[in-house]
Amino acid sequence: MSALRVLSVASEVFPLIKTGGLADVAGALPGALAPLGIAVTTLLPGYPPVMDRLPGAKVVHRWQDLFGGPAALVSAEATGLALLVLDAPHLYRRSGGPYQDAHGADWTDNAQRFAALAFVAAELGIGLLGDTAPDILHAHDWQAALAPVYLHFARADQPRRPATIVTIHNIAFQGQFPAGLLETLRLPPEAFTIEGVEYYGQIGFLKGGLALADRITTVSQTYAIEIQGSEMGMGLEGLLHHRSEVLSGILNGVDTEIWNPATDRHLVAQYDAQRLDDRQGNRAALQKRFGLAADAPGPLVAVVSRLSWQKGMDLLLAALPRLIADGGQLALLGAGDAALQAEFAAAATRHPGQVAAVFGYDEALSHLVQGGADMILVPSRFEPCGLTQLYGLRYGAVPLVARVGGLADTIIDANDAALAAGVATGFQFAPVAVHALEAALTRAARVYRDKATWRALQQRGMASDVSWRRPARQYAELYRSLAERR
Ligand code: ADP
């Protein structure tokens, strides 16, 4: 059987460029699919940190004017991935983040920046750029979501088109831009309808992709249901409900080589489920790094997160007195909202030795946190899949999570029945409110005091399969079913 060819289109790909879980997925899925006979090429923008890491890259296509300036498509192998990088200096070569400048303001030309990415994806999709056309075009999030739109409208004359999938990693980010940009984005007037990109009078990138993709996936089954309702659909629930027959959920996995406590060089002490005592070295190092006291009686609770409303960080602030009263400690590694940051800094000053925060993005430290903390806390208001709780499972940092989205699908709550049956892997709380979080923290602190039960929780978590194996099989099945239909 010849390999099925997939063009994966993403605005961030680990380890080249990352702001969140999308990068981890885009970086790890190709490797997990290769043994299943799926050949993935990944298209991403040529941000400076990406262009710096492309040895032996070769130009496969050039444009004199791609959405406002000259551009080149370069092909390269890097970090085990087959890459196509869109090198458009006027769009991507600038300091700052992939979506925002150094002050946290969205780049004012984000519409052009990501329309260009999707436009090129569509050109590749129909084989216009020399490369053999892929069987499947898999677009991730709003930044890539116009690809099926371009295929549908601008290239309607092309006989051979790939099947298209749009994956929603977070429906909170939709990419909405003024209607006046239609022509600039090389979209015909007929694209601006309810069946196309029109969305409350604006151009909706994600909306257009969801309307026109052959299939829609999101990153957990629970989230696939949640986004069909008004509470979590963020305006797209009607469309998603309408398209529910082509919508499904496939959980994310984690890269089990990068995230392996037995070999992780970011840890002070490597360990596995049979050598959990060795974890103590990491716990002590973590306390020292964060300036936490060494002798607290309760669990060392950790957070590794973007600091935002979505992540429920305000709930955690409100529940801190309970955590401390239970003898626990908090180590927070986070970046984002300045007001939240200031509040955590103030909490750390109020509770020296018990609450500590490191602000910034620190991949290496995030490993030590998972390898040393007793618990990893994820109190999100909504969470499409969530990766931090999966790392927690793998590292024996018992997850305490809100019962939403992928958190609900990956953690088995340690209620009495689950403990008695020996299946629990963590703690869930619902509704997503302070009193429920407090109750779960107290419940966890109680179980923590029972060392044998706690160890069993850790070991079961570590035995859970959080790898890409199962999700990769599900994507492969989806790709094959779509390819067969064509
Ligand atoms: P989201 O994509 O919404 O941010 P996920 O849980 O899916 O949430 O993925 C977050 C990823 O980013 C995880 O790999 C997590 O370890 C990482 N991460 C988040 N904040 C930080 C930080 N301050 N330092 C290091 N890694 C972080």
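Note that ligands are numbered from 1 as they come in the structure, with each ligand's atoms numbered from 1 the same way.
A 6.0 Å sphere centred on CD of Glu237 holds more than 12 heavy atoms belonging to other residues, nucleotides or ligands. The environment of Gln100 atom CD is dense: over 12 non-hydrogen atoms of other residues, nucleotides or ligands sit within 6.0 angstrom. Heavy atoms from other residues, nucleotides or ligands lying under 6.0 Å from CZ of Arg469 number 12 at most.
The shortest N or O to N or O distance between Trp259 and ligand 1 is not under 3.5 Å. For ligand 1, the polar-atom distance check against Leu387 finds a nitrogen or oxygen pair separated by under 3.5 Å. For ligand 1, the polar-atom distance check finds no N/O of Thr19 at less than 3.5 Å from any of the ligand's N/O atoms. In terms of polar-atom proximity, defined here as any N/O pair under 3.5 Å, Gly21 does make such a contact with ligand 1. Where the criterion is an N or O separation shorter than 3.5 Å, residue side chain and backbone included, Glu363 fails it with respect to ligand 1.
Judged by the shortest distance from any of its heavy atoms, Leu333 lies inside the 4.0 Å radius around the atoms of ligand 1. For His169, the closest heavy-atom approach to ligand 1 does not fall below 4.0 Å. Residue contacts with ligand 1: Gln389 is excluded, as none of its non-hydrogen atoms falls under 4.0 Å. Using a 4.0 Å heavy-atom cutoff, Ser380 is absent from the residues neighbouring ligand 1. The shortest separation from a heavy atom of Phe359 to ligand 1 is not under 4.0 Å, leaving the residue out of contact.
Near Arg306, meaning under 4.0 Å from any of its heavy atoms, are these atoms of ligand 1: 1 (P), 3 (O), 4 (O), 20 (N). For ligand 1, the atoms closer than 4.0 angstrom to any heavy atom of Gly334 are 23 (N). Shown in contact with Tyr391 at under 4.0 Å from a heavy atom are these atoms of ligand 1, numbered in order with element: 13 (C), 14 (O), 16 (O). Heavy-atom proximity to Thr388, at under 4.0 Å, picks out these atoms of ligand 1: 6 (O), 15 (C), 16 (O). Those atoms of ligand 1 with a heavy atom of Lys311 less than 4.0 angstrom away are 1 (P), 3 (O), 4 (O), 8 (O).
Contacts between Cys385 and ligand 1 below 4.0 angstrom, taking non-hydrogen atoms only, are absent altogether. With a 4.0 Å cut-off on non-hydrogen atoms, Leu365 does not touch ligand 1 at all. Under 4.0 Å from ligand 1, the heavy atoms of Asp362 that appear belong solely to its backbone.
The aromatic rings of Trp454 and Phe427 lie parallel to each other, with less than 30° between the two planes, well short of the 60° mark. Phe382 and Tyr223 have parallel rings, their planes meeting at less than 30° on a 0 to 90° scale where 60° marks the start of perpendicular.
Remark: aromatic rings of Phe177 and Phe205 are close, center separation under 6.0 Å. Taking the six-membered ring for Trp, Tyr479 and His138 have ring centres closer than 6.0 Å. No close placement of the Trp142 and Phe173 rings is indicated, their centers lying 6.0 Å or farther apart.
Closest protein heavy atom to atom 17 (C) of ligand 1: Tyr361 OH, 3.7 Å. Atom 23 (N) of ligand 1 has Gly360 O, 2.9 Å as its closest protein atom, hydrogens excluded (heavy atom only).
The heavy-atom pair separating Ala472 from Leu29 by the smallest distance is CA-CD1, 4.3 Å.
Residues Pro261 and Gln370 form no side-chain contact, since every pair of their non-hydrogen atoms from C-beta on lies 4.5 Å or further apart. Within the 4.5 Å cutoff, the side chain of Val303 has heavy atoms near those of the Leu330 side chain. Looking at heavy atoms from C-beta onward, Leu316 lies in side-chain contact with Phe344 at the 4.5 angstrom threshold.
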- Item | Steps toward side chain to side chain donor-acceptor pair (under 3.5 Å) verdict (Arg113, Asn110) | CA-CA 5 Å; Arg113 296 174 74 233; Asn110 271 346; 2.7 Å; yes

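Proximity annotation for atom 19 (C) of ligand 1: of Gly20, Gly392, Ser305, Ser305 comes nearest, heavy atoms only.
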